[in-house]
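Just below is one structure, and these are the notes that go with it.
Just so it is clear, the structure is predicted and the values come from calculations on it, not from any experiment.
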Amino acid sequence: VWARPSKPVTHGVVAGFAGQCVLRLRARQWWFGVRDKDSKIHEVVASSDVDWNKPAHVAGVFDGTHVRLFVDGIRHGEPVPCSSVVAVNWMATLGAAFDGTDPFSGEISQARFSQVARYVDDFDPPARFTSDKDTLALYLFQEGTGTSLKDESGHMHSGKIVNARW
């Protein structure tokens, strides 16, 4: 995702997927966690505080064996081993948890969900996400008004805007 946090929150959800993976702003640091089949959370926490009101490219990556977190293309921490994940559902959430709790305070300008681990080592973040064969959903937030969020991937995973402002 490309996100710009505006203030610290206890557990602000930026993105969640399949009921098992969550990218969040936890107080002053980016955090990514994956829940295994035994409900144990395998997590990586950024090694530095966020830069308030500055857009950041934040990527939570799970490749089936390890959990990784990248901020502006730089990997934070060592890859954390994790396996035996069972997806609860295939729903995604942006800006809060499924039930509306743990809202993120700030702006999300782009989000891409992928079926592969796009990043293993440090990389140059793209200024704009594009869709390819590994994109499950792509949100560019271009609508500006209304209650719908268009999926630009072509997979028709459009979203519903709830309790958020353009």
Side-chain angles (χ1 to χ4, degrees), residues 1-36 39-62 66-80 82 85 87-114 117-119 125-129 136-152 157-166:
V1 300
W2 275 99
R4 183 178 51 132
S6 60
K7 66 180 182 179
V9 290
T10 306
H11 294 287
V13 173
V14 177
F17 184 71
Q20 300 301 314
C21 303
V22 178
L23 176 65
R24 57 174 81 228
L25 177 64
R26 191 172 74 180
R28 299 177 179 279
Q29 294 174 307
W30 297 110
W31 178 97
F32 180 61
V34 175
R35 183 185 318 271
D36 68 17
S39 294
K40 179 181 177 193
I41 302 291
H42 302 265
E43 65 180 38
V44 180
V45 180
S47 54
S48 58
D49 286 354
V50 301
D51 193 350
W52 301 109
N53 292 305
K54 178 184 174 216
H57 179 279
V58 187
V61 177
F62 176 59
H66 290 87
V67 177
R68 293 177 177 85
L69 175 66
F70 296 86
V71 179
D72 293 329
I74 307 298
R75 190 184 77 214
H76 284 248
E78 292 299 316
V80 174
C82 178
V85 173
V88 173
N89 60 56
W90 294 107
M91 292 179 60
T93 182
L94 294 165
F98 288 112
D99 61 4
T101 60
D102 297 333
F104 171 69
S105 182
E107 177 183 287
I108 300 171
S109 60
Q110 299 179 54
R112 178 173 59 189
F113 293 91
S114 303
R118 290 190 181 270
Y119 314 115
R128 187 153 183 85
F129 291 138
L136 295 173
L138 174 63
Y139 305 104
L140 300 176
F141 296 85
Q142 296 176 335
E143 294 81 354
T145 63
T147 59
S148 295
L149 181 62
K150 183 180 179 190
D151 173 14
E152 302 287 345
H157 295 297
S158 293
K160 182 179 178 183
I161 304 294
V162 179
N163 296 329
R165 290 183 300 145
W166 286 105

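Considering Asp36, Val61, Val34, Ile41 in turn, Val34 is the only one that fulfils the side chain to side chain contact (heavy atoms under 4.5 Å, CB included) rule with Val67.
Nearest heavy atoms, Pro125 versus Gly73: CG-N, 3.6 Å. In terms of heavy-atom proximity, Asp72 sits nearest to Ala56 at OD1-CA, 3.4 Å. In this structure, Lys54 and Pro5 approach most closely via the heavy-atom pair O-CD, 3.9 Å. The two atoms that bring Val80 and Val44 nearest to each other are CG2-CG2, 3.5 Å, heavy atoms only. The shortest heavy-atom contact between Pro8 and Trp52 is N-CH2, 3.3 Å. Residue Leu138 comes nearest to Phe129 through the heavy atom pair CD1-CB, 3.4 Å, listed as atom of the first residue, atom of the second, then distance.
Taken from CD in Gln110 to CD in Gln142, the straight-line distance is 8.5 Å, to the nearest 0.5 Å. Annotation: the span from Glu152 atom CD to Phe141 atom CZ amounts to 11.0 Å, rounded to 0.5 Å. Atom OG in Ser39 sits 7.5 Å away from atom CD in Gln20 (nearest 0.5 Å). Rounded to the nearest 0.5 angstrom, His157 NE2 and Met91 CE are separated by 12.0 Å. In this structure, Asp151 CG and Tyr139 OH are separated by 5.0 Å, a value rounded to the nearest 0.5 Å. The structure places OH of Tyr119 at 15.5 Å from CZ of Arg75, a figure rounded to the nearest 0.5 Å.
No side-chain heavy atom of Thr10 sits less than 4.5 Å from a side-chain heavy atom of Asp102. At least one side-chain heavy atom of Leu25 sits less than 4.5 Å from a side-chain heavy atom of Trp30. Two residues are said to be in side-chain contact when any heavy atoms from C-beta on lie closer than 4.5 Å; His76 and Gln29 fail this criterion. The shortest side-chain heavy-atom distance between Phe70 and Phe32 does not fall under the 4.5 Å cut-off. Side chains of Leu149 and Leu94 form a contact here, defined as non-hydrogen atoms less than 4.5 Å apart. When side chains are defined from C-beta on, Val58 counts as touching Leu23, because their heavy atoms get closer than 4.5 Å. Under the 4.5 Å side-chain criterion, counting only non-hydrogen atoms from C-beta, Lys40 is not in contact with Cys82. Here the side chains of Ser114 and Leu136 are not in contact, with every heavy-atom distance at 4.5 Å or above.
Side-chain polar atoms of Glu43 and Trp31 form a donor-acceptor pair below 3.5 angstrom.
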Between Arg128 and Leu140, does the side chain to side chain contact (heavy atoms under 4.5 Å, CB included) criterion hold? Intermediate values first, please. CA-CA 8 Å; Arg128 187 153 183 85; Leu140 300 176; 3.4 Å; yes
Criterion side chain to side chain contact (heavy atoms under 4.5 Å, CB included) on Trp166 and Glu143, from CA distance to verdict: CA-CA 8 Å; Trp166 286 105; Glu143 294 81 354; 3.5 Å; yes
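Here the side chain of Ser105 pairs no donor or acceptor atom with the backbone of Ser6 at under 3.5 angstrom. No donor-acceptor pair under 3.5 Å is formed between the side chain of Arg28 and the backbone N or O of Asp49.
Around CG of Asn163, the count of heavy atoms belonging to other residues, nucleotides or ligands within 6.0 Å does not exceed 12.
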